[in-house]
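Here's the structure we're looking at; comments come further down.
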Amino acid sequence: MTFKLEPYLMMDGNTKEAIEFYKEAMGAEVLFMQTFGEMPENPEFPLPEEAKGLVGHAMVRVGETDLMFSDNFPGSPFAIGNQVTICISSTDLDRSRQMYEALQVGGQVQMPFAETFFSPGYAVLTDKFGVTWQVYTHANK
């Protein structure tokens with residue numbers, strides 16, 4: 001089982017600018033970038049026009065560390081200071097679910113653990129200490 005923790009930076013509509021900055025400042029290498037408009041559409045949640053060009057997910061490598069990014073979805077609350085979360089990446093669905101269950105005790109769930117188009121098990125929650133976690137399970141290939 002692979003398991004690692006990765007910083008996830010939530011930006012206020014300026015992810016592309018931030019990535020360019022980190023490329024210049026630290027030699028970051030873009031590994032992946034996808035806008036909300038490039039993601040599969042969900043008919044239950046139509047995508048607002050202003051969200052289509054925003055970054056839905058990106059990954060860059062700085063040295064030996066991967067950083068993940070996303071623009072905050074339009075209409076979602078954003079405050080300077082809470083834009084850094086930690087992504088728990090695992091290849092084991094049961095382990096991901098166990099970590100989710102343990103971390104949610106005394107905390108607050110923003111997105112319950114469920115299958116998504118990009119993961120067989122994904123969730124977002126804030127633990128009882130105020131740390132926001134994204135639990136992400138890699139899809140079996």
Side-chain angles (χ1 to χ4, degrees), residues 1-26 28-141:
M1 172 184 75
T2 301
F3 170 73
K4 62 183 177 177
L5 302 178
E6 298 169 306
Y8 202 113
L9 308 177
M10 297 297 297
M11 309 304 286
D12 194 21
N14 58 353
T15 292
K16 291 175 185 174
E17 178 185 350
I19 288 172
E20 287 302 314
F21 175 78
Y22 296 130
K23 282 169 62 176
E24 291 294 318
M26 298 183 288
E29 171 192 0
V30 177
L31 303 177
F32 177 83
M33 187 180 313
Q34 183 178 51
T35 66
F36 285 113
E38 294 169 328
M39 294 178 168
E41 288 194 40
N42 182 343
E44 294 179 31
F45 300 100
L47 189 64
E49 195 61 40
E50 67 270 20
K52 290 182 179 179
L54 296 176
V55 175
H57 181 69
M59 181 177 281
V60 303
R61 181 161 293 147
V62 179
E64 295 181 20
T65 302
D66 292 339
L67 293 173
M68 291 188 258
F69 290 84
S70 179
D71 280 316
N72 206 39
F73 199 79
S76 298
F78 179 86
I80 298 295
N82 72 353
Q83 73 269 29
V84 178
T85 64
I86 300 172
C87 183
I88 302 170
S89 285
S90 176
T91 57
D92 184 314
L93 183 62
D94 291 332
R95 181 69 176 126
S96 292
R97 187 177 290 106
Q98 289 170 348
M99 287 184 285
Y100 165 77
E101 294 294 338
L103 287 168
Q104 74 168 328
V105 175
Q108 182 177 8
V109 173
Q110 286 84 26
M111 182 178 176
F113 192 82
E115 184 176 351
T116 66
F117 77 89
F118 57 86
S119 173
Y122 177 78
V124 180
L125 63 113
T126 301
D127 70 18
K128 65 182 179 181
F129 301 104
V131 177
T132 300
W133 300 89
Q134 295 182 52
V135 179
Y136 170 77
T137 311
H138 293 272
N140 292 332
K141 298 188 182 198

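Index from 1, following the sequence. In this text, all values refer to a predicted model and were calculated from it rather than measured experimentally.
- Residues Phe113 and Gly121 approach most closely at CZ-CA, 3.5 Å, considering heavy atoms.
- Once rounded to the nearest 0.5 Å, the distance linking OG of Ser89 with CE of Met68 reads 4.5 Å.
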* Could you please spell out the steps behind the side chain to side chain contact (heavy atoms under 4.5 Å, CB included) verdict for Phe69 and Asn14? => CA-CA 10 Å; Phe69 290 84; Asn14 58 353; over 6 Å; no
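- Aromatic ring pairs are classed by plane angle as parallel below 30°, tilted from 30° to 60° and perpendicular above 60°; the pair His57 and Phe32 is tilted.
- Using cut-offs of 30° and 60° on the angle between ring planes, the pair Phe118 and Tyr136 is parallel.
- Here the side chain of Asp127 pairs no donor or acceptor atom with the backbone of Gly106 at under 3.5 angstrom.
- The shortest heavy-atom contact between Asn72 and Pro77 is ND2-O, 3.2 Å.
- In this structure, Asp71 and Met10 approach most closely via the heavy-atom pair O-CE, 4.1 Å.
- Here Leu125 contributes atom CG and Gln110 contributes atom CD; the two are 6.5 Å apart, rounded to the nearest 0.5 Å.
- Counting only N and O atoms by type, the side chains of Ser90 and Thr137 include no donor and acceptor under 3.5 Å apart.
- Put simply, the side chain of Ser96 never gets that close to the backbone of Val135: no donor and acceptor are under 3.5 Å apart.
- Within 6.0 Å of CZ in Phe117 there are more than 12 heavy atoms belonging to other residues, nucleotides or ligands.
- Minimum heavy-atom separation, Leu5 to Phe3: CD2-CZ, 4.4 Å.
- Taken from CG in Leu93 to OG in Ser119, the straight-line distance is 7.5 Å, to the nearest 0.5 Å.
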* Asked: Is there a side chain to side chain contact (heavy atoms under 4.5 Å, CB included) between Lys16 and Val55 once you walk through the steps?
  -> CA-CA 7 Å; Lys16 291 175 185 174; Val55 175; 3.7 Å; yes
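- Expressed to the nearest 0.5 Å, how far CG of Asp92 lies from CZ of Arg97 amounts to 9.5 Å.
- Of all heavy-atom pairs between Ser70 and Phe36, the closest is OG-CZ, 4.0 Å.
- Considering NZ of Lys52 and CG of Leu47, their distance stands at 6.0 Å, rounded to 0.5 Å.
- Contact of the Tyr100 side chain with the Val109 side chain is registered, since non-hydrogen atoms from C-beta on lie closer than 4.5 Å.
- One finds the NZ atom of Lys4 at 5.0 Å from the CG atom of Asp66 (value rounded to the nearest 0.5 Å).
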* **side chain to side chain contact (heavy atoms under 4.5 Å, CB included) between Val124 and Thr85, worked out** => CA-CA 9 Å; Val124 180; Thr85 64; over 6 Å; no
* Tell me, with the steps shown, if Lys23 and Val30 meet side chain to side chain contact (heavy atoms under 4.5 Å, CB included). => CA-CA 8 Å; Lys23 282 169 62 176; Val30 177; 4.0 Å; yes
